[in-house]
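Comments concern the structure below.
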Amino acid sequence: MKNCVTFILDIAAGYAKYILESLKEIGKEKVNIICLDTNPKYPQIVTEIFSKHGIDIRYENKSAFDKDFIFNLPSPNLIISSGFYDWITDDEAVMRSIKLVYEILVRGGSFILTGQAKHPDLELVSKFFIDFKKEPLKMKLRSVEQMKKWLEETGFKDIEYKTDKWGYYYTLRCVK
Ligand SMILES: C[S@@+](CC[C@H](N)C(=O)[O-])C[C@H]1O[C@@H](n2cnc3c(N)ncnc32)[C@H](O)[C@@H]1O
């Protein structure tokens, strides 16, 4: 849509490199970006990186589960959850997040999320990496079918997905 402003909310953004790379490719006009992350190291660094590329973003040190904060944001028409759900072992928490995303997204808006369906050695991951709470990283693998089911049950439609050629990682896109 020609005059439509894209309003992106990334619920666990980290460096949000993919947003920057995409905007460099497709142009940065008419895009508003809000990023959330519970790690306090990101807001300043990432805001500065985007700023060097002439892009203003709002980056808040807030949780993707902070309903009160999220409901007071302007309504996004594109929500991103990248590399977030596979680090959450609790299914209920992931479903809660999907529901919250659905509630705040404008009708016709898109939700893009990534996940992992397979991994060659989760034990090794746990030995070498730490999670958000600085504990050994336990990742949870979920199939595309599983995620699709939760998205559909929440009310999302037009679900599309891509996986790598080995079926390890996937990206799902769906519409409210
Ligand atoms: C694996 S990183 C992914 C970062 C980025 N989205 C990407 O794909 O490169 C997961 C991020 O989630 C953040 N995080 C963990 N719990 C969170 C929460 N409850 N709300 C928002 N961010 C959270 C972590 O600090 C971390 O930056």
Side-chain angles (χ1 to χ4, degrees), residues 1-90 93-94 96-116 125 128-140 147 151 156 162 164 169-176:
M1 281 180 282
K2 214 173 159 201
N3 289 313
C4 175
V5 174
T6 305
F7 189 143
I8 301 172
L9 172 67
D10 189 327
I11 59 171
Y15 285 101
K17 233 181 140 189
Y18 38 85
I19 297 181
L20 185 58
E21 294 305 320
S22 305
L23 294 184
K24 281 202 250 167
E25 216 175 292
I26 60 176
K28 51 198 186 225
E29 302 308 312
K30 296 184 181 155
V31 182
N32 290 331
I33 303 159
I34 297 188
C35 294
L36 310 181
D37 203 292
T38 44
N39 188 328
K41 81 172 180 187
Y42 290 117
Q44 195 185 342
I45 303 175
V46 180
T47 307
E48 282 171 15
I49 295 172
F50 273 72
S51 173
K52 279 185 190 147
H53 290 87
I55 304 166
D56 287 331
I57 63 166
R58 176 175 166 194
Y59 202 125
E60 301 281 354
N61 190 204
K62 293 282 181 189
S63 170
F65 296 99
D66 187 340
K67 264 189 154 188
D68 289 342
F69 177 78
I70 290 177
F71 275 116
N72 280 308
L73 293 172
S75 297
N77 52 19
L78 173 59
I79 299 183
I80 299 171
S81 168
S82 167
F84 184 42
Y85 293 155
D86 34 348
W87 280 34
I88 301 177
T89 51
D90 177 5
V94 174
R96 216 167 53 243
S97 171
I98 292 174
K99 284 192 184 120
L100 178 56
V101 164
Y102 187 82
E103 284 177 67
I104 56 174
L105 192 61
V106 299
R107 194 152 292 284
S110 294
F111 179 33
I112 296 177
L113 63 111
T114 69
Q116 273 192 75
V125 168
F128 284 96
F129 295 96
I130 50 169
D131 68 9
F132 316 132
K133 296 174 188 147
K134 306 217 182 319
E135 286 167 10
L137 175 60
K138 289 193 179 68
M139 287 194 297
K140 175 107 180 217
M147 294 306 294
L151 292 166
F156 283 105
K162 278 186 182 169
D164 58 52
Y169 292 92
Y170 53 83
T171 302
L172 278 153
R173 176 184 172 266
C174 53
V175 178
K176 175 170 173 182

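Between the CZ atom of Phe50 and the CZ atom of Arg58 there is a distance of 15.5 Å, given to the nearest 0.5 Å. Put simply, CZ on Phe65 and CD1 on Ile70 are 9.0 Å apart, with the number rounded to the nearest 0.5 Å. For the atom pair NZ of Lys30 and OG1 of Thr6, the computed distance is 9.5 Å after rounding to the nearest 0.5 Å. To the nearest 0.5 Å, atom CG of residue Leu78 and atom CD1 of residue Ile8 are 5.0 Å apart. Interatomic distance, Asp131 CG to Thr89 OG1, rounded to the nearest 0.5 Å: 8.5 Å. To the nearest 0.5 Å, atoms CG (Leu105) and CD1 (Ile79) are separated by 4.5 Å.
Distance alone, capped at 3.5 Å, is enough to place a donor-acceptor pair between the Ser22 side chain and the Tyr18 backbone. Not one N or O on the side chain of Asp10 forms a donor-acceptor pair closer than 3.5 Å with the backbone of Cys35. Although no hydrogens or angles enter the test, the distance criterion places a donor-acceptor pair under 3.5 Å between the side chain of Thr114 and the main chain of Gly83. Looking at Asn77, its side chain does come within 3.5 Å of a backbone N or O of Phe7 through a donor-acceptor pair. Remark: side-chain polar atoms of Asp37 are not paired, donor with acceptor, to backbone N or O of Tyr15 under 3.5 angstrom.
A cation-pi contact, defined as under 6.0 Å to the ring centre and within 45° of the axis, links Lys176 to Tyr102.
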Applying side chain to side chain contact (heavy atoms under 4.5 Å, CB included) to Met139 and Phe129, what does each step give before you reach the verdict? CA-CA 10 Å; Met139 287 194 297; Phe129 295 96; over 6 Å; no

Handout entry: Step-by-step side chain to side chain contact (heavy atoms under 4.5 Å, CB included) determination, Met147 to Val94
Key = CA-CA 10 Å; Met147 294 306 294; Val94 174; 4.1 Å; yes

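Sparse packing is recorded around CG of Asp56, with 12 or fewer heavy atoms of other residues, nucleotides or ligands lying under 6.0 Å away. Enclosure of atom CZ in Phe71 by more than 12 non-hydrogen atoms of other residues, nucleotides or ligands within 6.0 angstrom is indicated. Within 6.0 Å of CD on Glu21 lie more than 12 heavy atoms contributed by other residues, nucleotides or ligands. Counting non-hydrogen atoms of other residues, nucleotides and ligands closer than 6.0 Å to NZ of Lys24 gives a total above 12. Within a 6.0 Å radius of CD in Glu103, more than 12 heavy atoms belonging to other residues, nucleotides or ligands are found.
Here the shortest heavy-atom pairing between Val106 and Ser75 reads CG1-CB, 3.4 Å. Considering all non-hydrogen atoms of both residues, Leu36 and Phe69 come closest at CD2-CE2, 3.7 Å. Scanning all heavy atoms of the two residues, the minimum distance from Leu151 to Cys174 falls at CD2-SG, 3.9 Å. Across all non-hydrogen atoms, the minimal contact from Ile11 to Ser97 is CD1-OG, 3.7 Å. Closest heavy-atom contact between Asn61 and Asn39: ND2-C, 3.5 Å. Looking at every heavy atom in both residues, Leu113 comes nearest to Tyr85 through CD1-CD1, 4.2 Å.
Between Tyr42 and Tyr59, the ring planes lie parallel to each other; the angle is under 30°, not in the 30° to 60° tilted range.
Using a 4.5 Å heavy-atom threshold, the side chains of Ile104 and Leu73 count as separate. With a 4.5 Å cut-off on side-chain heavy atoms, Ile98 and Ser81 do not count as touching.
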